[in-house]
Number of protein chains: 2
Amino acid sequence: MARTRSVPPPADIQGPHIRVTLKDVAQLAGVSAMTVSRVLNAPENLSAATVAKVRAAIESTGYVPNSAAKALRSSRSRLIAAVLPTLTGPIFLDTIGALTAGLARRGYQLMVGQSGYSSAGEDQLITDIISRRPDGIVLTGVVHTDEGRRRLLASGIPIVETWDLTPEPLDVLVGFSHEAVGREVSRFLVGRGRKKLALIGADDVRSKRRWSSFAKSARALGVGQPVARFVTAPAMLGDGRETLRALLAEHPDTDAIFCSSDALALGVLIEARAQGIDVPGRLAVVGFGDLNFSAQLDPALTTVRVDGPRIGELAAHCIVSRALGQPLETRIFDVGFTIVQRASA
Amino acid sequence: MARTRSVPPPADIQGPHIRVTLKDVAQLAGVSAMTVSRVLNAPENLSAATVAKVRAAIESTGYVPNSAAKALRSSRSRLIAAVLPTLTGPIFLDTIGALTAGLARRGYQLMVGQSGYSSAGEDQLITDIISRRPDGIVLTGVVHTDEGRRRLLASGIPIVETWDLTPEPLDVLVGFSHEAVGREVSRFLVGRGRKKLALIGADDVRSKRRWSSFAKSARALGVGQPVARFVTAPAMLGDGRETLRALLAEHPDTDAIFCSSDALALGVLIEARAQGIDVPGRLAVVGFGDLNFSAQLDPALTTVRVDGPRIGELAAHCIVSRALGQPLETRIFDVGFTIVQRASA
DNA sequence: TTGTACGCGTTATCAT
DNA sequence: ATGATAACGCGTACAA
């Protein structure tokens with residue numbers, strides 16, 4: 001009995017599919033298929049007796065409706081597609097979790113696609129998504145190629161973009177202004193007497209947008225052009241340590257650092273401690289994301305908090321409204337952000 | 001022009017659906033619908049001329065096949081459902097990311113469902129999943145109610161369980177032994193001279209399984225029964241700090257702690273430092289998960305590493321094989337784990 | 001209150 | 001090498 005012998009599926013699994021249909025239930029209950037359908041979708045004007053009969057038949061057969069047939073007939077798939085760069089990385093997680101839950105509560109399911117980093121893969125993904133005829137698409141943290149955006153738009157499927165307040169949304173948008181984040185953090189630091197600002201960021205678009213307004217605002221406030229260092233995404237703790245070392249070597253008078261993620265900020269805090277640099281005394285540190293450990297660090301991390309779950313819940317609301325053709329209160333939902341002031345700055 | 005006026009969908013979005021069908025393409029190309037279908041699925045014995053004609057028509061119409069119709073006709077949905085307790089929390093993320101990617105490479109899409117913590121919700125989720133007629137289901141870190149397992153099994157849909165090496169798998173299983181983890185960590189600590197072991201864990205089944213073998217092995221090695229503290233999932237850094245404080249208050253002679261996640265371990269390290277406790281001198285700390293920051297901590301965290309992406313990739317392989325009715329090398333894939341020894345123990 | 005006919009978009013099967 | 005026909009499971013529109 002070699003362990004490596006091939007293993008067939010269990011005998012009780014006949015095939016990938018459920019065989020009970022409306023017709024089977026109807027036959028068992030002694031009614032027409034249509035009546036069974038009505039029991040499921042509009043039981044109000046059926047006799048109590050037939051409803052009971054049919055319910056019993058459904059129960060005993062274990063019938064579950066086939067949503068492919070439903071979708072084909074009604075052109076409503078009750079499926080929403082979510083596109084994000086990658087599932088790895090904690091930033092969008094809360095949003096996707098809340099989105100999934102919000103959709104489930106409204107009777108919709110979520111299909112996920114990772115656009116990844118190749119645009120060939122992205123093209124395939126778009127085709128796969130369109131072929132499913134989802135009732136809506138939620139884009140999260142994705143900047144598509146123009147061609148991709150064109151195809152998505154041409155499909156006629158409602159689209160909600162999230163996490164970004166771009167100047168020209170495709171349709172609905174749920175997010176916050178990264179420009180405002182950069183500006184406010186710069187004001188915050190300068191307001192607390194910092195003079196030599198720096199930024200350590202990941203090389204993604206959103207981080208870059210925060211950087212430009214951070215820099216612009218710093219100049220406007222008269223503390224000169226900040227220094228910036230970018231690391232390739234996903235930015236991790238180790239990058240923070242390393243980058244701080246390099247940055248301080250070149251700019252030892254830096255007195256404030258804005259990190260584009262709390263993970264980077266944690267690395268900065270650890271490296272600062274290793275070098276005996278006083279935080280916030282000599283160096284102020286501000287993170288981004290308010291991850292669950294940030295309040296517990298020593299010193300506790302001052303950071304920018306964004307309500308990820310709220311974005312997901314709002315996105316669920318918006319995309320379902322669009323799917324049903326219902327009007328929306330507004331096109332742009334700005335969920336804002338807050339600077340959570342703790343000990344590190 | 002009130003800002004709060006309701007906003008209708010853009011005019012160019014007529015409805016949720018794509019209107020081009022096989023028939024339209026066929027008409028444009030001057031062939032039958034069947035021929036178009038063949039161009040897409042079996043172009044080998046068609047004349048080069050018709051293939052070219054049809055390809056052109058597909059291109060110019062932007063035709064994308066409707067997978068609901070495909071699924072209905074062929075009873076293959078090319079959809080895989082994944083069930084996990086919650087998307088929030090970094091543990092299963094790598095697995096789900098690799099699963100999504102592995103499925104996409106094989107021409108399958110992933111639908112996600114969160115079983116959450118209520119069994120009513122779980123029941124609804126199971127119905128929703130079955131109604132989609134997925135070609136397979138991947139269960140991750142979920143222990144279903146008996147009723148739920150029964151319904152899933154009765155659906156006849158292939159199932160792959162992951163992250164767990166349970167004694168009685170439904171069918172295929174990809175994971176590792178949590179018992180072995182508990183045993184090996186205990187041996188590791190005792191082998192390095194530790195005498196008073198403790199464990200801080202989340203109150204989930206897997207963590208509990210690690211605990212029992214951790215305790216059993218410790219007793220067998222002659223260091224007596226370890227102390228345990230459990231916190232409600234999801235276990236976070238703050239829980240680690242707090243729990244260490246309480247634990248040391250009652251058991252000041254504890255000299256080794258096994259944490260059920262690296263997040264908890266980070267909390268323990270921070271609290272230890274705050275209390276001036278030498279790690280690993282007076283207290284050895286071992287984590288679980290090898291999160292991306294763990295190697296960068298000070299002291300670097302000794303932890304148990306599990307290859308999450310490999311579990312996802314293997315799960316993709318297994319579920320697709322089962323979906324296609326192909327034999328599998330074995331029913332149980334043990335991906336194992338390693339204790340990554342760093343400075344903290 | 002319940003049933004019949006038809007069509008959603010695709011592919012298996014048989015025919016040419 | 002290509003076409004005609006039927007069927008997948010369900011819901012709309014009508015009829016009874």
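Letters A, B, ... mirror the listed sequences (proteins, then strands); counts begin at 1.
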So CG of Leu110(B) and CD1 of Ile96(B): to nearest 0.5 Å the spacing works out to 6.5 Å
Applying ring-ring contact (aromatic ring centres under 6.0 Å, His included) to Phe333(A) and not counting sequence neighbours gives none
- Under the ring-ring contact (aromatic ring centres under 6.0 Å, His included) test, which residues partner Tyr63(A), sequence neighbours left out?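 Result, ring-ring contact (aromatic ring centres under 6.0 Å, His included) vs Tyr63(A): none returned.
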| query | Is any side-chain nitrogen or oxygen of Thr35(A) closer than 4.0 Å to OP1 or OP2 of dT2(C)? | reply |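 False: Thr35(A) side-chain N/O out of range (4.0 Å or more) of dT2(C) OP1/OP2.
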Arg150(B) and Thr145(B), any side-chain heavy atoms less than 4.5 Å apart: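 No - every pair of side-chain heavy atoms lies 4.5 Å or more apart.
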Q) Do the non-hydrogen side-chain atoms of Leu152(B) and Ile157(B) ever get within less than 4.5 Å of each other? A) no
Practice problem: Can you sort out the partners of Ala104(B) under side chain to side chain contact (heavy atoms under 4.5 Å, CB included), two or more places apart, ordered by chain and number? | Solution: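 In terms of side chain to side chain contact (heavy atoms under 4.5 Å, CB included), with neighbours along the sequence ignored, Ala104(B) is linked to no residue.
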When Leu28(A), Leu22(A), Val20(A) are each screened for side chain to side chain contact (heavy atoms under 4.5 Å, CB included) with Asp24(A), the one that passes is Val20(A)
Which of Ile159(A), Ile126(A), Leu125(A) passes side chain to side chain contact (heavy atoms under 4.5 Å, CB included) with Val83(A)? Answer is Leu125(A)
Fill in: Relative orientation of the end axes in the helix from dT1(C)-dA16(D) to dT16(C)-dA1(D), expressed as an angle to the nearest 10° (five pairs per end)
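Both end axes considered, the difference amounts to 40°.
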The correct set of residues in residues 42-52 of chain B placing a heavy atom under 4.0 Å from DNA chain C is none
Given the rule in the side chain to side chain contact (heavy atoms under 4.5 Å, CB included) test, do Thr162(B) and Val174(B) qualify, once you have shown the distances and angles that lead to the verdict?
CA-CA 5 Å; Thr162(B) 68; Val174(B) 182; 4.2 Å; yes
With B for base contact, S for sugar-phosphate-only contact and - for none (protein heavy atoms under 4.0 Å), nucleotides 10-16 of chain C reads BBB----
Worksheet item: Whole Å only: how far is the CZ atom of Arg76(A) from the C1' atom of dC10(D)?
Response: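 Rounded to the whole Å, the gap is 16 Å.
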Query raised in the report: Around Arg151(A), counting heavy atoms of other residues, nucleotides and ligands shown, do more than 12 lie under 6.0 Å from its CZ?
Result: yes
Requested in this report: Specify the residue among Leu72(B) and Ser32(B) whose closest nucleotide of DNA chain D lies further upstream toward the 5′ end.
Outcome: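 Looking at the nearest nucleotide for each, Ser32(B) comes out on the 5' side.
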